[in-house]
Structure formats: C-alpha cells, structure tokens
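By convention here, the first residue in the shown sequence is residue 1. Keep in mind that this is a model prediction, so the values were computed, not measured.
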Amino acid sequence: MQASKQNNENTMTTQLLADLALANHILVNEGVLDGFGHISARNPQNPERFFIARSMAPALVEVEDIVEVDLDGNVHDAQGRRTYVERFIHSAIYKARPDVMSIVHSHSPAVIPFGVTGARLRPICHMSGFLGAVTPVYEIRHSAGENSDLLISNQALGESLAAVLGQSNVALMRGHGSVTVGNAIQQAVFRAIYTESNARLQSEASRFGEITFLTDAEAKATSDMNDRHLDRPWEMWKRNALKRG
C-alpha cells in the first residue's frame with residue numbers, strides 16, 4: 001500500500017511539472033509573458049516548497065529546467081542551478097497564503113497603466129469577475145525607498161508585496177506589472193490571461209464614456225461559474241501552445 005501511495009504521488013508530481021512547463025508556453029503564447037516573467041506551483045507533497053523554472057526565458061522552459069525552492073527563497077537543486085531573482089514574490093506569498101497553489105508574475109502591457117495612474121482595475125466582463133471590487137496596487141517605494149530597481153529581490157520585499165495582495169486574487173505592481181494567484185496552475189493561468197484581457201477592454205471602454213462594472217455579487221457569481229469550466233480554455237491554450245512548438 002505504501003508503494004502504491006508513493007507511485008501515485010510520483011505520478012501527480014510528474015503531471016504537475018509537465019503542466020508547469022506547459023503553462024510557461026501558454027502564457028507566452030497568450031501575450032502575458034515574454035522574455036521575462038514566471039509561473040510557479042506549490043509542491044503538493046511538501047507545501048513548504050514550490051517548483052519554478054531556472055532563470056531563463058519562459059518560452060524555452062521544459063520539465064528538466066524546473067527547480068525547487070523553499071518558502072524563504074532558498075533554491076534546492078542538485079545541479080546548483082539558479083532561478084529568478086524575484087523568486088521571493090513566490091516564497092513570501094506561499095508562506096502568507098496556504099490556499100495558494102500557483103502564482104504568476106508578469107509584465108503584461110495592458111495592465112501597467114493601471115498601476116501608475118489613479119484608474120482602478122475592475123471587472124468589466126464576466127470572464128474577469130475574479131478581480132473583485134478592489135485590485136490593490138503595490139508601491140515598492142514604501143518598502144525600498146526611492147532608489148530601487150523595482151524588483152522583489154529579497155524576502156522582506158516579498159512579504160511587503162504579500163501584505164498588499166492580502167486575500168485578493170491579483171495585485172498590481174507600480175511600474176512593474178502584476179502578480180496573480182490561484183488554487184491550481186490552470187486557475188492562475190486563467191486569471192493572468194483574463195487580467196490582461198480585462199485591462200485592454202477597460203482601457204478601450206473608457207474612451208466611450210462611463211463604464212458599468214460588475215457588481216460585487218456579479219463578480220463572485222461569474223468567478224465561481226468560470227472556475228467550474230477551467231478545463232475548457234486550458235485545453236485550447238494547451239493545443240495552441242503545442243502547435244506553436
């Protein structure tokens with residue numbers, strides 16, 4: 001029985017790593033990541049660690065490029081490989097949010113204006129109800145002063161970002177991008193893609209006049225509904241990414 005349990009856990013981890021590598025390609029293919037940005041997944045067998053690619057362009061990530069990191073940002077890799085400087089985004093959020101199983105950090109272009117202006121990013125359509133009433137904005141100057149490079153390059157900065165994120169699903173990072181969380185890779189990918197989509201739609205709609213945003217109740221109801229159908233877009237994005245190679 002113990003051997004069977006171990007085999008099941010190994011199979012689950014193998015599938016998780018395959019999905020994580022594929023998620024990198026999907027997010028590039030859908031215009032969320034480019035040469036920068038990253039996605040991680042918590043290790044379900046050891047919640048005190050997470051998986052993330054070594055420091056490389058997301059489009060090039062394969063399963064063998066994935067390393068393991070603990071919740072203090074220490075890399076555990078037999079080959080001694082490095083991962084991203086901003087791994088602390090992931091380590092601090094996983095430590096603060098036991099419910100989070102996957103995290104995306106991106107610089108998706110349509111989102112950037114909402115982090116540097118007074119315009120609030122709010123759900124404009126039923127696909128982005130997960131944004132809720134408030135999408136918080138992280139101002140790194142409050143923690144790192146006026147001379148930082150805007151990168152979350154240590155655990156203390158990661159913790160200050162996690163505090164701003166709170167229980168939200170998305171936080172904007174002034175002049176830097178955003179962070180999106182989910183209870184699985186598929187949910188985090190869905191939210192990252194539709195955060196970018198909502199930002200584009202909201203920018204476009206604002207040219208025509210006052211926007212009728214989703215109410216809080218509509219946002220929750222649509223988010224709950226979409227969560228029951230994550231496999232549908234995932235399979236499409238997966239096929240498109242695999243076709244692109």
What heavy-atom pair brings Gly31 and Ser108 nearest, and what distance separates the two atoms?
O-CB, 4.3 Å

Tell me the closest heavy-atom pair linking Tyr94 and Arg42, and the distance in Å.
O-NH2, 2.9 Å

Any heavy-atom pair between the side chains of Met173 and Glu139 that's under 4.5 Å?
no

Which is it for Val111 and Thr195 under the side-chain contact (heavy atoms from CB on, under 4.5 Å) test, yes or no, and what are the steps along the way?
CA-CA 7 Å; Val111 170; Thr195 295; 3.9 Å; yes

Please say whether more than 12 non-hydrogen atoms of neighbouring residues, nucleotides or ligands are located less than 6.0 Å from CD in Glu210.
no

Cationic tip of Arg122 within the cone over Phe213's six-membered ring, i.e. under 6.0 Å and within 45° of the normal?
yes

Does Asp19 reach the side chain of Trp234, with side-chain heavy atoms less than 4.5 Å apart?
yes

May I ask you to list the residues sharing a hydrophobic cluster with Phe208, side-chain cutoff 4.5 Å, ordered by chain and number?
none

What's the spacing between Ile93 CD1 and Ser40 OG if we round to 0.5 Å?
8.5 Å

Under a single-linkage rule joining Ile, Leu, Val, Met, Phe, Trp and Tyr whose side-chain heavy atoms are separated by less than 4.5 Å, which residues share a cluster with Ile112?
none

Rounded to the nearest 0.5 Å, what separates atom OG in Ser102 from atom CZ in Arg191?
10.5 Å

Check: Leu201 main-chain N/O paired with Glu204 side-chain donor or acceptor under 3.5 Å
no

Can you confirm whether the side chains of His90 and His105 place a donor and an acceptor under 3.5 Å from each other?
no

Donor-acceptor check, side chain of Asn169 to backbone of Phe130, threshold 3.5 angstrom: yes or no?
yes

Judged by atom type as modelled, is there a donor-acceptor pair below 3.5 Å linking the side chain of Asn198 to the main-chain atoms of Tyr194?
no

Under 4.5 Å between any side-chain heavy atoms of Leu165 and Val170, yes or no?
no

May I ask you to decide if Val61's main-chain N or O and His25's side chain share a donor-acceptor pair within less than 3.5 Å?
yes

Would you say the side chains of Asp231 and Gln186 form a donor-acceptor pair under 3.5 Å?
no

Ignoring hydrogens and angles, tell me if any N or O in the side chain of Ser143 forms a donor-acceptor pair with the backbone of Ile140 under 3.5 Å.
no

Is it true that a side-chain atom of Gln187 and a backbone atom of Asn183 form a donor plus acceptor pair closer than 3.5 Å?
yes

Non-hydrogen side-chain atoms of Phe51 and Val67 separated by less than 4.5 Å
no

Inspect the contact between Asp224 and Arg228 and indicate whether a charged nitrogen and a carboxylate oxygen are less than 4.0 angstrom apart.
no

Just verifying a value: how many Å separate His176 NE2 and Tyr138 OH, rounded to the nearest 0.5 Å?
10.5 Å

Whether Glu235 and Arg239 form a salt bridge (side-chain N of Lys/Arg under 4.0 Å from carboxylate O of Asp/Glu) is what I want to check.
no

State yes or no: do Leu230 and Met101 share one hydrophobic cluster built from I, L, V, M, F, W and Y residues joined by side-chain heavy-atom distances below 4.5 Å, directly or via other members?
no

Close side-chain approach of Ile185 and Leu16, heavy atoms under 4.5 Å:
yes

Would you mind reporting whether Val75 and Arg54 have side-chain heavy atoms less than 4.5 Å apart?
no

Going by distance alone, is a donor N or O of one side chain under 3.5 Å from an acceptor N or O of the other, for His107 and Asp34?
no

For a quick check under 3.5 Å, do Ser153 and Glu86 share a side-chain donor-acceptor pair by atom type?
no

Give a yes or no on whether the backbone of Tyr84 and the side-chain of Arg87 come within a donor-acceptor separation of less than 3.5 Å.
yes

So if I apply the side-chain hydrogen bond (donor to acceptor under 3.5 Å, both in side chains) rule between Glu68 and each of Asn74, Asn43, Thr83, Asn46, which one comes out positive?
Asn43

Is it true that Arg82 and Asp77 have a side-chain N and a carboxylate O under 4.0 angstrom from each other?
no

How long is the span from the CG atom in Leu71 to the CZ atom in Arg49, to the nearest 0.5 Å?
9.5 Å

Does Ser223 reach the main-chain N or O of Lys220 with its side chain, forming a donor-acceptor pair under 3.5 Å?
no

When you look at His126 and Glu218, which way does the side-chain contact (heavy atoms from CB on, under 4.5 Å) test go after all the steps?
CA-CA 8 Å; His126 70 295; Glu218 288 172 335; over 6 Å; no

Gln202 side chain reached by Ile211 side chain, heavy atoms, under 4.5 Å
yes

State, to 0.1 Å, how close Leu27 and Ala192 come at their nearest heavy-atom pair, and which atoms those are.
CD2-CB, 4.1 Å

Would you say Arg232 has more than 12 foreign heavy atoms packed within less than 6.0 Å of its CZ?
no

State, yes or no, whether a side-chain contact exists between Phe114 and Ser178 at a heavy-atom distance under 4.5 Å.
no

